[in-house]
**Q** 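I'd like to ask you about the structure that follows.
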Amino acid sequence: MWQPSARAIGVAKVFVFALALVPLAVLVRMVLTDQLGPNPIETLNRFTGEWTLRFLFLTLAVTPLRQITGWQYLLRFRRMLGLFAFFYVFLHFLSWLWIDKLFDVDEIIKDVIKRPFITVGFGCFILLIPLAVTSTQGMVRRLGGRRWRALHRLVYAIAIGGVVHFWWLVKSDIREPLIYAAILALLLGYRLWSYWRRLPARRLSPA
C-alpha cells in the first residue's frame with residue numbers, strides 16, 4: 001500500500017498543527033470583539049470543553065481509521081492530537097479556576113466536593129496530566145512499551161468521564177452530549193469488536 005514520504009508527512013503535520021490552532025484563534029477573536037454573549041464565563045467553559053472532547057475523539061479515531069484504511073502513517077498524528085486535547089482542557093480548567101473562581105481555593109474545593117459534574121471533570125483533568133507528560137518517545141522508552149500502553153489506556157476512562165461531565169452540566173437539553181456519547185460509543189465499540197475478533201488467534205498463539 002502506498003505510504004507518503006517523510007517530507008509529505010512533515011508538511012501534513014504542520015497543516016494539522018495550524019488547523020488545531022483555529023479554535024484558539026476563534027476564541028481570541030470572540031474575546032477581543034466582545035462576542036462571548038450574555039454569559040461569557042459559560043461561553044468560555046463550553047467552548048474549551050467541547051474542543052477538548054473533539055480532540056480526544058480525534059485521537060481515539062486514529063487507530064480505527066488506521067486499521068480500516070491501512071494508512072499506518074496516521075499514527076504520526078496521534079500524539080499531536082492528544083497534546084492538543086490536553087492544551088484545550090488546560091484552557092478549560094484555567095477558565096474555571098481563574099475567570100469563574102478567581103483562584104478562590106475554598107470555592108474551588110467546595111465546587112469539586114459538592115458538584116458531581118465538577119468532580120468528574122476535575123478527575124479527568126488530573127488523569128490527563130500523566131498522559132501528556134509521558135507522550136514523548138523518551139518516556140515510552142523509560143516506561144517500557146507495555147507499561148506505557150497500560151497507562152495510556154486511561155484515555156478511555158477520561159473520554160467517558162468527559163462525556164458524563166458534559167451530560168451532567170447541561171441537565172435538561174441533552175441533545176448535544178448525546179451526540180458525543182454516540183460517537184464515543186462507536187469508537188469504543190469498534191475497539192471491543194476488534195479485540196474480541198482477535199481473541200481466538202491470541203488463545204491459539206504459543207506462550
**Q** Identify the two heavy atoms, one from Leu151 and one from Leu143, that lie closest to each other, and give their separation to 0.1 Å.
**A**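 Closest approach of Leu151 to Leu143: CD2-CD1, 4.2 Å.
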**Q** Return the set of residues passing side chain to side chain contact (heavy atoms under 4.5 Å, CB included) with Thr136 (not counting sequence neighbours), or none when no residue passes.
**A**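 Met139.
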**Q** When hydrophobic residues are tied together by side-chain contacts of less than 4.5 Å, even through go-betweens, does Val14 share a cluster with Leu19?
**A**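 Different hydrophobic clusters.
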**Q** In Å and rounded to the nearest 0.5 Å, what is the CG to CD1 distance from Leu128 to Ile158?
**A**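 Interatomic distance, Leu128 CG to Ile158 CD1, rounded to 0.5 Å: 4.0 Å.
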**Q** Which pair of non-hydrogen atoms, one from Thr43 and one from Leu36, has the smallest distance, and what is that distance?
**A**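 Between these two residues, the closest heavy atoms are OG1-O, 2.6 Å.
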**Q** Tell me whether Arg46 contacts the main-chain N or O of Glu42 through its side chain, where contact means a donor paired with an acceptor under 3.5 Å.
**A**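 Flag not set: sc Arg46 to bb Glu42 has no pair under 3.5 Å.
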**Q** Hey, what do you get for OG1 (Thr52) to CZ (Phe125), rounding to the nearest 0.5 Å?
**A**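 The distance works out to 10.0 Å.
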**Q** Assigning hydrophobic clusters by single linkage (Ile, Leu, Val, Met, Phe, Trp, Tyr; side-chain heavy-atom cutoff under 4.5 Å), is Tyr73 placed with Leu75?
**A**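 Same cluster: Tyr73 reaches Leu75 through Ile, Leu, Val, Met, Phe, Trp or Tyr contacts under 4.5 Å.
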**Q** Can you list everything that forms a ring pair (Phe, Tyr, Trp, His ring centres under 6.0 Å) with Phe166? Sequence neighbours excluded, please.
**A**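 Partners of Phe166 by the ring pair (Phe, Tyr, Trp, His ring centres under 6.0 Å) criterion, ordered by chain and then number, come out as Tyr180.
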**Q** Please give me the minimum heavy-atom distance between Pro177 and Trp167, naming the atom from each residue.
**A**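 That would be CB-CA, 3.8 Å.
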**Q** Could you go through the side-chain contact (heavy atoms from CB on, under 4.5 Å) check for Val89 and Phe55 one step at a time?
**A** CA-CA 10 Å; Val89 81; Phe55 276 103; over 6 Å; no
**Q** First locate atom CG of Leu53, then atom OG1 of Thr48, and finally report the distance between them rounded to the nearest 0.5 Å.
**A**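 The CG atom of Leu53 sits 10.5 Å away from the OG1 atom of Thr48.
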**Q** Count the heavy atoms of every other residue, nucleotide or ligand shown that sit under 6.0 Å from CZ of Phe15, and state whether that count exceeds 12.
**A**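 No, because the 6.0 Å sphere around CZ of Phe15 holds 12 heavy atoms or fewer from other groups.
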**Q** Assess whether side-chain contact (heavy atoms from CB on, under 4.5 Å) is satisfied between Val170 and Glu176, documenting all intermediate values.
**A** CA-CA 9 Å; Val170 299; Glu176 199 169 355; over 6 Å; no
**Q** Can you list the residues that meet the salt bridge (charged side-chain N to carboxylate O under 4.0 Å, His left out) rule with Glu107, with sequence neighbours excluded?
**A**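 Testing Glu107 for salt bridge (charged side-chain N to carboxylate O under 4.0 Å, His left out), a comparison that skips the adjacent residues, returns Lys110.
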**Q** Compare all side-chain heavy atoms of Leu94 with those of Ile99 and state whether any distance is below 4.5 angstrom.
**A**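 They are not in contact (no side-chain heavy atoms under 4.5 Å apart), so the answer is no.
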**Q** Provide the closest heavy-atom pair for Ala20 versus Tyr88 in the form atom of the first, atom of the second, distance.
**A**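 Heavy atoms of Ala20 and Tyr88 come nearest at O-OH, 2.6 Å.
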**Q** Calculate, to the nearest 0.5 Å, the distance between atoms CG and CG belonging to Leu60 and Leu65 respectively.
**A**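 So the CG of Leu60 and the CG of Leu65 are separated by 11.0 Å.
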**Q** For a 4.5 angstrom cut-off between non-hydrogen side-chain atoms, does Val164 reach Phe117?
**A**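 No. Closest side-chain heavy atoms not under 4.5 Å.
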**Q** Does atom CZ of Arg76 have more than 12 heavy-atom neighbours, drawn from other residues, nucleotides or ligands, at distances under 6.0 Å?
**A**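 No, because the 6.0 Å sphere around CZ of Arg76 holds 12 heavy atoms or fewer from other groups.
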**Q** Heavy-atom distance under 4.5 Å between the side chains of Thr63 and Arg78, does that happen here?
**A**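 A side-chain contact exists here, since the closest heavy-atom pair is under 4.5 Å.
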**Q** Could you give me the CA-CA distance, side-chain angles and deciding distance for Phe84 and Leu21, then say whether side-chain contact (heavy atoms from CB on, under 4.5 Å) is met?
**A** CA-CA 9 Å; Phe84 267 108; Leu21 288 175; 3.7 Å; yes
**Q** Checking Leu83 now: which residues fulfil side chain to side chain contact (heavy atoms under 4.5 Å, CB included) with it, not counting sequence neighbours?
**A**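 Once residues adjacent in sequence are excluded, the partners of Leu83 under the side chain to side chain contact (heavy atoms under 4.5 Å, CB included) criterion are Arg79, Ala132, Ser135.
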**Q** Does Tyr156 have any ring pair (Phe, Tyr, Trp, His ring centres under 6.0 Å) partners at least two apart in sequence or in another chain, and if so, which?
**A**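 For Tyr156, no residue satisfies ring pair (Phe, Tyr, Trp, His ring centres under 6.0 Å) once neighbours in sequence are set aside.
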**Q** Determine whether Leu186 and Leu81 fall in the same hydrophobic cluster, where Ile, Leu, Val, Met, Phe, Trp and Tyr are linked whenever their side-chain heavy atoms lie under 4.5 Å apart.
**A**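 No, Leu186 and Leu81 fall in different hydrophobic clusters.
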**Q** Nearest 0.5 Å please: distance from the CD1 atom of Ile183 over to the CG atom of Leu56.
**A**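 Taking CD1 in Ile183 and CG in Leu56, the distance rounds to 12.5 Å.
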**Q** Fit a plane to each ring of His152 and Trp148, take the angle between them on a 0 to 90° scale, and name the class: parallel (under 30°), tilted (30 to 60°) or perpendicular (over 60°).
**A**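 Because their plane-to-plane angle is under 30°, the rings of His152 and Trp148 count as parallel.
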**Q** Please report the shortest heavy-atom distance between Phe77 and Ile9, naming the atom on each side.
**A**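 Scanning both residues completely, I find the closest heavy atoms to be CZ-O, 4.3 Å.
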**Q** For a 4.5 angstrom cut-off between non-hydrogen side-chain atoms, does Phe86 reach Leu131?
**A**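 No, every pair of side-chain atoms sits at 4.5 Å or beyond.
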**Q** So which heavy atom on Gly162 is nearest to which on Cys124, and how close?
**A**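 Of all heavy-atom pairs spanning Gly162 and Cys124, the closest is N-SG, 3.7 Å.
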**Q** Compare all side-chain heavy atoms of Leu24 with those of Leu91 and state whether any distance is below 4.5 angstrom.
**A**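 A side-chain contact under 4.5 Å exists here.
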**Q** Check whether any side-chain heavy atom of Phe57 lies under 4.5 Å from a side-chain heavy atom of Leu184, and answer yes or no.
**A**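 Phe57 reaches Leu184 side chain to side chain.
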**Q** Hey, any chance Val11 and Val16 share a hydrophobic cluster, counting ILVMFWY side chains that come within less than 4.5 Å of each other, even indirectly?
**A**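 Looking at the clustering, Val16 is in a separate group from Val11.
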**Q** So, using salt bridge (charged side-chain N to carboxylate O under 4.0 Å, His left out) as the criterion, who are the partners of Asp34 when residues are at least two apart?
**A**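 Asp34: no salt bridge (charged side-chain N to carboxylate O under 4.0 Å, His left out) contacts found.
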**Q** Please name all residues satisfying ring pair (Phe, Tyr, Trp, His ring centres under 6.0 Å) with Phe87, sequence neighbours left out, ordered by chain then number.
**A**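 By the ring pair (Phe, Tyr, Trp, His ring centres under 6.0 Å) rule, Phe87 matches no residue at all.
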**Q** Do the non-hydrogen side-chain atoms of Trp51 and Leu27 ever get within less than 4.5 Å of each other?
**A**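 Counting from C-beta outward, Trp51 and Leu27 never come under 4.5 Å.
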**Q** Can you sort out the partners of Arg54 under salt bridge (charged side-chain N to carboxylate O under 4.0 Å, His left out), two or more places apart, ordered by chain and number?
**A**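 Partners of Arg54 by the salt bridge (charged side-chain N to carboxylate O under 4.0 Å, His left out) criterion, ordered by chain and then number, come out as Glu50.
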**Q** Supply the members, apart from Val105, of the Ile/Leu/Val/Met/Phe/Trp/Tyr cluster built from side-chain contacts under 4.5 Å; use none for a lone residue.
**A**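 Taking Ile, Leu, Val, Met, Phe, Trp and Tyr as members, Val105 shares its hydrophobic cluster with Ile109, Ile113.
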**Q** Can you name the ring pair (Phe, Tyr, Trp, His ring centres under 6.0 Å) partners of His92, sequence neighbours left out?
**A**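 His165.
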**Q** Which ILVMFWY residues can you reach from Trp193 by hopping between side chains whose heavy atoms are under 4.5 Å apart?
**A**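 Grouped by the 4.5 Å side-chain rule, Ile68, Tyr190 form the rest of the cluster around Trp193.
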**Q** What distance do Trp98 atom CH2 and Ile41 atom CD1 have between them, rounded to the nearest 0.5 Å?
**A**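 That separation rounds to 12.0 Å.
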**Q** Between Leu97 and Leu102, does the side-chain contact (heavy atoms from CB on, under 4.5 Å) criterion hold? Intermediate values first, please.
**A** CA-CA 6 Å; Leu97 197 70; Leu102 300 174; over 6 Å; no
**Q** Restricting to salt bridge (charged side-chain N to carboxylate O under 4.0 Å, His left out), what partner residues turn up for Arg175, sequence neighbours left out?
**A**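 Expected list: Asp173.
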